[in-house]
Every structure is written in structure tokens, then in C-alpha cells.
> 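Below is one structure. I have some questions about it.
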Amino acid sequence: MTEAREVEPADDRRWMAEHRYRAVLQVMDGAPVADVARRVGASRQSVYTWLERYHAGGLDALVDRSRRPHVSPQQVAGEVEALVCELRRSYPRWGARRIVYELGQRGMVPVPGRSTVHRILARNGLIDHQEQNHRRVYRRWQRDAPMQLWQLDIMGGVFLASGRECKLVTGIDDHSRFIVIAKVVAEPSGRAVCTAFAEAMTAYGVPSEVLTDNGKQFTGRFTKPVPAEVLFERICRENGITARLTRPRTPTTTGKIERFHKSLRRELLDHVGPFADQGTAQAAIDAWVHGYNHRRPHQSLNMAVPAAAFRPAPATPSAADRHEVHVPEHGEEPTPATNQLLTEQPPALLPSPRLPVDDAQIAAVEFEALISPIGRLCLLSGQQVKFPAALGGRTATIWADKRSIHIFIDGELARTRPSRLTPDDLKTLVQRGGRVAGPEPAAPALPDGPKPSTVVEVDRLVGRDGDVGLGVQRLKIGTSLAGQQVTLRLDGQLMHVIADGRVAKTLPAPVPPDERAKISGARSPRSTVIPPSAQALRAQRTVPADGVVMVGGQRLRIGRAHAGKTVTIFLEDTILRVLDGEIELSTHARTSDKLIRQFKAVTRTRK
């Protein structure tokens with residue numbers, strides 16, 4: 001069996017010449033040109049051309065000729081192509097756009113276009129083609145003028161000969177890409193970061209805003225057990241700077257400073273050995289940053305250098321060459337002041353007349369306070385109550401004693417929390433303008449002690465996914481209640497979800513009775529009877545002499561004491577509730593899913 005072999009280009013050209021030669025011989029034998037063209041699958045003009053070429057050059061003239069033009073007026077000169085390749089080999093990280101810029105800086109006229117340079121690099125094998133896979137579309141942004149926003153971050157990778165790794169505090173101006181901070185520090189502590197930040201503001205001025213990640217050097221909002229104002233936030237507050245934070249796990253928000261880190265690593269840190277000491281590392285990085293700011297063109301600035309677009313803030317008349325920046329001293333380190341978390345002014349008691357009160361009479365205090373813009377209400381003894389940010393700036397009325405704290409907004413009870421206030425705290429609140437309160441306006445909160453309670457209530461806001469948080473658990477309540485304030489009543493082995501005064505759902509209790517007092521916001525129940533849901537099915541039964549009724553295939557023991565009464569049974573998701581008028585007689589876990597076929601009461605006599 002003959003193996004098929006691949007046709008070589010020379011054989012292909014020779015076969016084509018023979019094919020045309022047969023067509024020429026047919027015409028020379030007297031066949032019409034139109035018939036010959038139809039048989040060989042060509043046009044008449046092609047057959048005439050073959051005939052002329054055969055008469056002029058014989059069989060060799062019928063071979064395919066090169067289609068390359070004789071002249072190319074737009075072809076790049078060989079010297080230019082050689083220079084492009086030389087620049088690429090000398091600076092492997094330069095792309096077509098940067099090479100075009102460098103050719104223009106060297107006085108070349110005319111300068112080849114970007115696409116031309118790209119084709120030169122591809123033709124000479126100087127570009128590694130890669131498959132483009134753009135899975136995400138980023139929203140690009142920048143400020144309109146310099147000094148409006150600085151992006152700050154901390155990077156590692158600065159190694160010393162001793163084996164120690166130093167960190168680098170970096171900062172970039174959002175508009176101009178000018179590097180304002182590049183400080184090598186031994187430890188990335190809050191004090192070291194703030195010192196580098198203050199030095200940059202002393203040299204260039206105070207920016208309007210700063211953007212950072214959620215590192216503990218920049219914010220104390222995640223400090224445990226309570227949020228705190230860190231030194232960086234205090235510097236921003238005292239110098240009128242708006243401190244902005246990125247969302248967790250979103251490094252693209254500070255993409256400009258992250259891109260600077262990539263350039264610094266690839267062009268300097270990856271190509272130098274460990275530095276002798278911290279001073280040597282700082283000098284090398286300063287030299288590289290100076291070139292980055294003043295000599296290196298930036299593509300986002302249309303190939304201008306960052307220094308051309310950066311303008312420091314004007315200095316005050318009292319300091320011609322330096323800016324006055326207020327930085328707290330070492331002895332002024334802020335303590336975990338929960339009433340100063342990301343707010344311009346700490347929430348304070350509203351002023352009211354101070355009246356002399358006997359200390360023995362202070363059993364409870366009532367006062368008004370402002371909720372901070374981020375939804376925090378801070379009290380004494382480090383106690384803090386959280387609210388939605390939409391309630392920021394609202395005035396709340398607080399009733400507090402040594403056991404409970406009740407918070408009212410617009411006359412409605414919003415929160416009940418266990419109190420950690422001491423008698424001295426109550427006295428201090430009165431001295432600050434509070435007033436001695438009357439009887440407790442709502443059910444008391446549960447004590448913090450180990451005494452168990454089988455029936456407790458907590459208020460929760462249902463999330464957009466229909467879930468709520470209860471301790472360390474996330475419970476699925478239902479999307480129909482999303483955005484609503486509900487009360488979770490844990491009674492025995494069941495948990496009732498109460499919305500708008502009605503039981504919307506009943507679930508198995510997820511918290512054992514001895515752990516319910518530790519739930520955040522837990523309080524004693526406000527009512528003894530929970531109104532049943534309006535959507536629940538109801539059936540009536542007449543209690544027989546033995547006190548047992550049947551509902552949906554399930555036996556309910558009501559009790560002999562209620563024999564002869566007509567009771568109403570509400571059939572909810574997981575429980576059956578038995579009511580005698582408005583009085584709840586009992587609650588039974590639902591164990592049968594049979595359909596209810598009888599809803600009216602029928603008197604039956606049982607033996």
C-alpha cells in the first residue's frame with residue numbers, strides 16, 4: 001500500500017506549471033479559449049496570460065511568480081529596525097509604547113508608530129505571545145488634582161546581610177503617581193508608619209484624603225474586644241484628613257500603590273543582593289524613587305514623568321519651606337476610646353441642667369446621647385451599642401441601671417442590653433447632665449451570671465439573604481422577612497420568630513437553655529403569650545373527658561381540667577398551639593404532617 005506523502009511546495013509549483021501548459025497546448029491546437037478556461041476552472045483572462053507568458057519564456061514562465069511588491073515606500077529602514085531590537089534586548093521590560101517614546105527622545109524623525117514597533121518585535125521573536133483571558137472588568141478612577149488623595153501601604157522584601165527582612169512604608173499621590181513615601185523601617189509598627197507619614201506631610205503638605213487597607217497600623221475599627229482609635233486615625237483627625245478604608249480582600253482598590261510595588265520589586269529588589277544595613281537600603285531605594293519620580297515616563301500620564309504632574313501643597317507663611325503637621329508625642333498614645341471611632345467629635349451627652357442629687361437615690365439614670373455617624377452609641381465602662389449606619393446622628397434616650405440598659409429612638413424601644421455600669425458610673429452620668437430615672441420602662445435584660453433562663457428574647461435585623469446572627473451561628477429565617485426587625489423568642493426547645501407582633505415562623509431552638517443568657521442582647525420576655533400568625537391554619541376541638549384531642553393524626557393532651565371546653569388549635573410550621581380564647585393553654589411540637597380534614601368542633605363521647 002502506497003503511503004501518502006506530503007506535497008512539497010516545489011512539487012506543487014511544478015504541478016501547477018504542467019496544468020497551465022496543458023491548457024496552453026489545447027489553445028494552440030485550435031480549441032476555443034472559453035471552452036479551455038471552463039475545463040481547467042480558470043477565467044479567459046488567465047488563459048490568455050498563460051499563453052503570452054509561454055510564448056515569452058517557455059515552460060518556466062508558467063511557474064507562480066512572487067507577489068511581493070518591487071518597492072515599499074513605507075517600509076521601516078533597517079537601521080530603525082535594528083535600533084528597536086537593540087532597545088528591547090537592553091531593556092526587556094520596555095514595550096512598544098515605551099520604545100516609541102525613547103525613539104522620539106533620541107531625535108528620530110519620523111518616529112515609527114506603536115503598531116509598527118510591535119510588528120518588528122514580533123517578527124524578530126522578541127515578544128512572548130500569551131492568551132488574553134480578561135475575566136474581570138475593573139472600574140478605573142483617579143482624582144482630578146494632586147494632593148487630593150494619597151494611597152498608603154506596607155510592603156516587604158527588603159533584606160539585609162544579617163538575614164533580617166525590613167518593611168517599606170510607601171505612599172503615592174493618586175493623581176500624579178508621584179511617590180511621596182518610601183521609608184524603610186525595621187518593624188512596621190503604628191509609630192513607625194505614622195512617623196513616615198508625618199515626614200511626608202512635612203515635606204509636601206497635608207493631603208485632603210488618604211486611602212489604606214484595613215491593617216492594624218491604619219485603623220482600629222477591628223480591635224478586640226472593642227474598637228479603638230489608633231495613632232494614624234488620630235493624626236488624620238487632628239490634621240483634617242479624611243481617612244478612607246478599602247473593603248476587605250479588595251487589593252485592586254489601591255491598585256496604583258500595588259503596581260508601584262511590582263515595579264520596585266522587578267527593577268530593583270529582585271536584582272540586588274541583601275543590603276549591608278538599613279541605611280544602605282534606604283539610600284538605594286531613594287535613588288531609584290528619584291528616577292521614578294523625575295526621569296521615568298508613566299503611561300497613565302501620557303508618557304509624562306510624575307514630577308511634571310505633581311504640585312505640593314503651598315506652605316504656610318510661618319514655614320516657608322516646611323509644613324506644620326501636628327503629630328501626637330509618644331506620651332499621647334490613644335487608649336481604646338470607643339467613643340472616638342472614626343468620628344470627628346466623640347458622642348457626648350446632650351447638655352442639661354445639673355442638679356444636686358443624693359448618691360443613695362441613684363438607682364437608675366435617664367439621659368440623651370447622639371449616635372455616631374457609623375452607628376455607635378458609647379457609654380461608660382467601655383460599653384458600646386451598635387446600630388445601623390442609617391441611624392447615625394440620631395438622638396437616643398437611654399434608661400440605665402446596674403442590670404439593664406434600654407435605648408429609645410423617637411419614643412420606641414430600639415435596644416435592651418445587659419448593663420456593665422457601676423454605681424460610680426451612674427453617679428458620673430448624673431454629674432454630666434443625666435437625671436434620676438423612674439421605674440424600668442421595659443422588661444429587664446438578662447443578668448450576665450451563670451443562672452440559666454429557659455425563655456429569653458433577642459431582637460435581630462434580618463439580612464438581605466433572609467438570615468440573622470445568633471451567637472456564632474447564622475440562622476436562615478426566610479427572604480420574605482429581609483430587612484425587617486424581628487424578635488427571636490427561645491422558649492424551651494423551640495424558637496419563635498416574631499414579626500410585627502405575630503409569630504412568622506417557629507424553629508427548633510439552636511441554643512441550649514444554659515447558654516441563652518450569654519447571647520448578645522438577650523432579655524427577659526416582654527409578654528407571656530405570643531399572638532399566633534394570621535396565616536396559620538386553625539382548627540377547633542371540644543375537649544373530651546379524658547382531656548386528649550386528635551389533630552391531623554396527632555394526640556394532644558390538653559388536660560382533664562379543660563374537659564367540655566372548645567379550644568382553638570393553631571397549626572404552625574413546627575408547633576401546635578392550643579388557646580382557650582386569648583389564653584394559651586399549651587404548646588406541642590408538631591410530629592405529624594398529615595392533612596387536616598376537620599376544622600370544626602365536634603362533641604364526641606369517649607368511654
Side-chain angles (χ1 to χ4, degrees), residues 347 349-350 352 361-371 375-381 383-388 390-391 394-423 425-426 429-430 433-449 451-462 468-471 481 484-492 495-504 509 511 513 515-532 582 584:
L349 297 178
L350 297 180
S352 61
Q361 299 177 359
I362 306 178
V365 178
E366 186 175 350
F367 57 92
E368 284 74 28
L370 295 176
I371 302 176
R376 300 292 187 271
L377 185 60
C378 304
L379 307 173
L380 300 179
S381 297
Q383 188 161 2
Q384 181 179 177
V385 183
K386 296 182 180 180
F387 290 89
L391 296 178
R394 301 283 294 274
T395 301
T397 302
I398 298 124
W399 187 101
D401 63 2
K402 294 182 291 184
R403 176 180 178 181
S404 306
I405 296 177
H406 304 287
I407 303 173
F408 295 83
I409 299 178
D410 295 335
E412 296 184 1
L413 181 63
R415 295 286 190 276
T416 295
R417 295 290 184 267
S419 175
R420 296 201 298 265
L421 301 178
T422 63
D425 293 333
L426 298 178
L429 290 173
V430 173
R435 52 192 176 273
V436 177
E440 191 166 2
L446 293 177
D448 294 332
K451 181 180 178 181
S453 177
T454 58
V455 183
V456 299
E457 290 184 354
V458 293
D459 294 328
R460 291 294 186 267
L461 180 66
V462 183
V468 297
L470 192 65
L481 298 175
Q484 297 186 33
Q485 188 81 18
V486 299
T487 299
L488 306 180
R489 177 185 174 114
L490 291 88
D491 187 351
M495 182 184 72
H496 309 290
V497 182
I498 305 173
D500 297 329
R502 294 285 181 179
V503 175
V511 181
E515 297 289 336
R516 293 173 186 174
K518 302 177 182 179
I519 301 176
S520 176
R523 64 171 186 272
S524 300
R526 296 174 181 168
S527 60
T528 57
V529 177
I530 309 173
E582 297 294 333
E584 184 176 10

> Heavy atoms, side chains only, cut-off 4.5 Å: are Ile398 and Leu429 in contact?
no
> To the nearest 0.5 Å, tell me how far Asp459 CG sits from Ser520 OG.
11.0 Å
> Output the distance between atom CZ (Phe387) and atom CG (Leu461), rounded to the nearest 0.5 Å.
12.5 Å
> Look up atom CG in Leu377 and atom CD1 in Ile409, then write down how far apart they are to the nearest 0.5 Å.
8.5 Å
> Taking the side chain as C-beta and beyond, is there a heavy-atom pair between Gln383 and Pro418 under 4.5 Å?
no
> In this structure, which one of Val365, Asp401, Leu426 forms a side-chain contact (heavy atoms from CB on, under 4.5 Å) with Leu421?
Leu426
> For the residue pair Arg523 and Thr487, establish whether any side-chain heavy-atom pair is separated by less than 4.5 Å.
yes
> Measure the CG-CD distance between Leu379 and Gln384 for me, rounded to the nearest 0.5 Å.
9.0 Å
> Which value, rounded to the nearest 0.5 Å, describes the distance between Arg489 atom CZ and Glu457 atom CD?
5.5 Å
> Work out which heavy atom in Gly434 is nearest to a heavy atom in Phe367; give both atom names and the distance.
CA-CB, 4.0 Å
> Compare every heavy atom of Gly469 with every heavy atom of Arg460, then report the nearest pair and how far apart it is.
NE-O, 2.7 Å
> Can you name the nearest heavy-atom pair linking Trp399 to Gly438, along with the distance?
NE1-O, 3.3 Å
> Which residues satisfy the side chain to side chain donor-acceptor pair (under 3.5 Å) test with Thr397, sequence neighbours excluded?
none
> Between Arg420 and Asp425, does the salt bridge (charged side-chain N to carboxylate O under 4.0 Å, His left out) criterion hold? Intermediate values first, please.
CA-CA 9 Å; Arg420 296 201 298 265; Asp425 293 333; over 6 Å; no
> Which pair of heavy atoms, one from Ser404 and one from Pro444, lies closest together, and at what distance?
OG-CA, 3.4 Å
> Could you tell me if the side chain of Glu412 sits less than 4.5 Å from the side chain of Asp410, heavy atoms only?
no
> Starting from the C-alpha separation in whole Å, work towards a yes-or-no answer on side-chain contact (heavy atoms from CB on, under 4.5 Å) for Ile405 and Thr416.
CA-CA 6 Å; Ile405 296 177; Thr416 295; over 6 Å; no
> Could you give the distance from CZ (Arg376) to NZ (Lys386), rounded to the nearest 0.5 Å?
5.0 Å
> Looking at every non-hydrogen atom in both residues, tell me the closest pair between Ala499 and Gln484 and how far apart they are.
CB-OE1, 4.1 Å
> Between Lys402 and Ser419, is any pair of side-chain heavy atoms under 4.5 Å apart?
no
